[in-house]
Every structure is written in C-alpha cells, then in structure tokens.
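Chain naming here is simple, since letters A, B, ... match the order of the sequence lines and numbering starts at 1 in each.
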There are 2 protein chains.
Amino acid sequence: IQANQLTAVTVGDLMISSEKVAHVQVNNPLEHALLVLVKSGYSAVPVLDPSYRLQGTIGKTKILNEILGLERFEMEKLAHMEVKDVMNEGLPCLKKEDNIMGGLNAVIDHPFVCVVDEEGYFDGIITRRAILKRLKKDIYT
Amino acid sequence: IQANQLTAVTVGDLMISSEKVAHVQVNNPLEHALLVLVKSGYSAVPVLDPSYRLQGTIGKTKILNEILGLERFEMEKLAHMEVKDVMNEGLPCLKKEDNIMGGLNAVIDHPFVCVVDEEGYFDGIITRRAILKRLKKDIYT
Ligand SMILES: Nc1ncnc2c1ncn2[C@@H]1O[C@@H]2COP(=O)(O)O[C@H]3[C@@H](O)[C@H](n4cnc5c(N)ncnc54)O[C@@H]3COP(=O)(O)O[C@H]2[C@H]1O
Ligand SMILES: Nc1ncnc2c1ncn2[C@@H]1O[C@@H]2COP(=O)(O)O[C@H]3[C@@H](O)[C@H](n4cnc5c(N)ncnc54)O[C@@H]3COP(=O)(O)O[C@H]2[C@H]1O
C-alpha cells in the first residue's frame with residue numbers, strides 16, 4: 001500500500017457524522033439502552049451526556065453480562081441500573097484532523113472508534129467498514 | 001497497496017482455525033445459544049450441525065429481536081425455540097485456498113466470514129481484525 005496516498009485522508013473524511021450515530025445518554029436506565037441497541041441493530045453505541053460530550057460506549061455484551069444470574073437473565077435488574085454504572089470508559093479517541101493511519105491503528109482492536117474535538121464534544125465515529133472500503137479502493141487504483 | 005504482494009496470501013493463512021472458534025449447534029435451544037454468546041463475549045458465532053457442517057450464523061441481535069414483546073423481553077420464549085428457527089443462512093463463504101482479496105471483499109459487509117471445504121465442512125473464520133492487521137503490516141513494509 002502506498003502510504004503516501006493515504007496520508008492525505010483524514011479521520012473527518014471517512015467518519016460517520018454525529019447526527020447519523022445512534023447513541024444513549026449516561027443517565028438512561030439500562031432497559032432503555034438495551035431497547036435502543038436491539039431496535040437499531042447495533043451491538044454497541046457511544047454514550048453521551050446532555051451537552052453531547054462523549055462519556056463512553058455501551059454494548060449488549062456488557063448489559064447482558066450484568067444481569068446474568070446463576071439461573072437466568074434477571075431482566076428486572078435493567079430498570080434499576082443506569083448506563084453510567086456499566087459503560088466502557090477510557091477507550092481511545094481520534095480527532096477529525098487526524099490522519100487515517102491513526103484510524104487504521106485504532107480499529108484493529110475496536111469495531112468503531114469515537115471522534116471528539118478538543119473540548120470532548122462528540123463529532124462522530126470511524127468504523128472498520130469505512131476503513132476497509134477505503135483500503136480496498138486504494139488497492140484497486 | 002501493492003496488490004501483487006497480497007496475491008500470495010490465502011484465506012487459510014489468516015483464518016482462525018475451527019478448533020479455536022466458538023460455535024453452537026442447529027438443535028440447541030436459544031437459551032443455550034444466548035448463554036454461549038454472553039459467556040464467550042462474541043456478538044455472533046457460526047452454527048454447525050453434529051457432523052460439523054456449516055449451517056449458518058447466530059447473534060445476540062437476532063435472538064433479542066425474537067423475544068422482544070410489546071412490553072418486555074420475553075425471556076421464557078428462549079427455552080422453546082431452537083437455533084435453527086432463528087439463525088442467519090445463505091451468507092457468503094470462502095475456501096482456504098482463496099486469495100485474501102476475496103477475504104477483504106467479504107469482510108466489508110460482515111465482521112467475520114466462514115471458511116468451508118467443498119463438502120461444506122467448517123474450516124474456520126476470517127475476521128476483520130485479521131485482515132486489518134495484515135493490511136497494516138503491508139503498508140508499513
Ligand atoms: N443497520 C445496518 N445497516 C448496514 N450494515 C450494518 C447495520 N448494522 C450493522 N451492519 C454491519 O454489521 C457490522 C457490525 O455492526 P455492529 O453493530 O456489530 O458494530 C457497529 C456498531 O457498534 C457501530 N456503529 C456503526 N454504525 C453506527 C451508527 N450509525 N450508530 C451507532 N453505532 C454504529 O460501529 C460498529 C462497526 O460498524 P461497521 O459499519 O464497521 O460494521 C457493521 C456493518 O458492516
Ligand atoms: N475475547 C476477545 N479477545 C480479544 N478481542 C476481542 C474478543 N472478543 C471480541 N474482541 C474484539 O471485538 C471485535 C468484535 O467482536 P464481535 O464479537 O462483535 O465480532 C466477532 C465475532 O462475532 C466473531 N469471532 C471472532 N473470533 C471468534 C471466535 N474465536 N469464535 C467465534 N466467533 C469469533 O468475529 C467477529 C469479528 O471479530 P474480530 O476479531 O474482527 O473483532 C473483535 C475483536 O477485535
């Protein structure tokens with residue numbers, strides 16, 4: 001791969017912009033979060049606060065793990081827990097201006113990576129699909 | 001990307017071999033399948049029959065969608081349904097001997113793709129992570 005062809009591409013060029021990204025709020029009950037995840041079809045989504053700053057991510061795996069009791073999935077627990085009790089925090093983030101090579105590095109271990117500005121406001125997400133499509137295009141040209 | 005460097009790489013070189021792949025059986029109750037998925041941490045896994053032929057894939061999204069009633073997730077339904085009633089069928093597959101470019105094409109729309117032999121026996125899976133790692137290695141050399 002000619003790394004120099006890709007150095008002109010930024011994270012901002014390939015990201016899915018925030019208005020198109022399904023998300024939940026830190027204070028939502030887990031029940032609501034699981035509903036959003038099942039209805040949107042996504043396995044995990046970003047978690048924002050009311051001012052649209054990024055707080056973490058949450059997925060079905062984590063939620064189901066929380067309610068797995070010795071005998072059954074204790075669905076009733078979902079009404080009493082909040083997203084912030086269970087969400088994944090401290091994940092790597094990118095900026096819009098970053099080079100796409102940073103995006104490639106980040107998605108090796110994460111299906112998607114959040115993009116934020118200097119103040120922590122949520123700008124969008126970079127997905128493995130977007131990176132793979134771009135790399136394929138690069139190979140065939 | 002120099003396509004000619006990658007043409008020597010096969011699906012078999014990068015796949016996760018069947019013995020390392022978590023899977024469920026066509027006849028398992030959905031309850032067992034959901035447990036395997038939550039405990040393994042994987043969002044979806046292959047579905048095999050008793051002779052280890054590939055039958056499809058199944059994921060948390062599909063299972064949770066099946067039991068989502070008007071008011072709540074009807075967990076009791078899981079004991080009465082089987083994997084084969086709900087699994088995804090007809091997904092694209094690859095062979096060990098295929099070129100890795102076929103793998104890249106296939107993972108653009110699928111987090112993983114199953115690898116089978118001519119008789120349909122399950123050989124392993126190709127994941128986005130494996131493809132991305134290989135492409136990154138290619139860029140930096
Ligand atoms: N509604 C849909 N329409 C078409 N294809 C769909 C789809 N939902 C899922 N897929 C396909 O399945 C892949 C895995 O989705 P998953 O939800 O596990 O994992 C997703 C999800 O956790 C997150 N994601 C993607 N788009 C999102 C969005 N608009 N809002 C929130 N999260 C999103 O990023 C991860 C990676 O996404 P990526 O596109 O690389 O990969 C997606 C995509 O190829
Ligand atoms: N136990 C673990 N240890 C380390 N990292 C983990 C992990 N579980 C998940 N991940 C990370 O999360 C990504 C998405 O996993 P997911 O389970 O949604 O989606 C997975 C899962 O559906 C399937 N898969 C991967 N390995 C599997 C295995 N050994 N058995 C069964 N299915 C597997 O292929 C999809 C894509 O896998 P990929 O490796 O590209 O991408 C994985 C990997 O980067």
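When the side chains of ILVMFWY residues are joined at heavy-atom separations under 4.5 Å, either directly or via intervening members, B/Ile16 and B/Leu104 end up in two distinct hydrophobic clusters. Transitive grouping of hydrophobic side chains (ILVMFWY, heavy atoms separated by less than 4.5 Å) keeps B/Val45 and B/Val21 in distinct clusters.
Looking at every heavy atom in both residues, B/Thr10 comes nearest to B/Asp13 through N-OD2, 2.8 Å. The heavy-atom pair separating A/Met101 from B/Ile139 by the smallest distance is CE-CD1, 3.7 Å.
Using a 4.5 Å heavy-atom cut-off against chain B, no residue of residues 93-100 of chain A qualifies as contacting. Within residues 54-72 of chain A, the residues that have a heavy atom under 4.5 Å from a heavy atom of chain B are A/Lys60, A/Thr61, A/Leu64, A/Asn65, A/Leu68, listed by number. Residues of residues 73-84 of chain B having a heavy atom under 4.5 Å from any heavy atom of chain A, listed by number: B/Phe73, B/Met75. Scanning residues 111-123 of chain A against chain B with a 4.5 Å heavy-atom cutoff picks out nothing at all.
In summary, the aromatic rings of B/Tyr52 and B/His23 are positioned with their centroids under 6.0 Å apart.
A/Leu37 does not touch chain B: none of its heavy atoms, backbone or side chain, sits under 4.5 Å away.
Side chains of B/Val36 and B/His32 form a contact here, defined as non-hydrogen atoms less than 4.5 Å apart. For the pair B/Leu48 and B/Val26, the minimum side-chain heavy-atom distance is 4.5 Å or more. The shortest distance between side-chain heavy atoms of B/Arg134 and B/Val9 falls below 4.5 Å.
With values rounded to the nearest 0.5 angstrom, A/Met87 atom CE is found 11.5 Å from A/Asn28 atom CG. The distance from the CG atom of A/Leu135 to the CG atom of B/Leu132 is 7.0 Å, given to the nearest 0.5 Å.
The residue among A/Val107, A/Asn105, A/Ile108 with the most heavy atom pairs within less than 4.5 Å of chain B is A/Ile108. Interface summary for chain A: among B/Ile131, B/Leu35, B/Leu34, the most heavy-atom pairs under 4.5 angstrom belong to B/Leu34.
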Trace of the side-chain contact (heavy atoms from CB on, under 4.5 Å) decision for A/Asp109 with B/Arg129: CA-CA 7 Å; A/Asp109 287 319; B/Arg129 183 171 186 276; 2.8 Å; yes
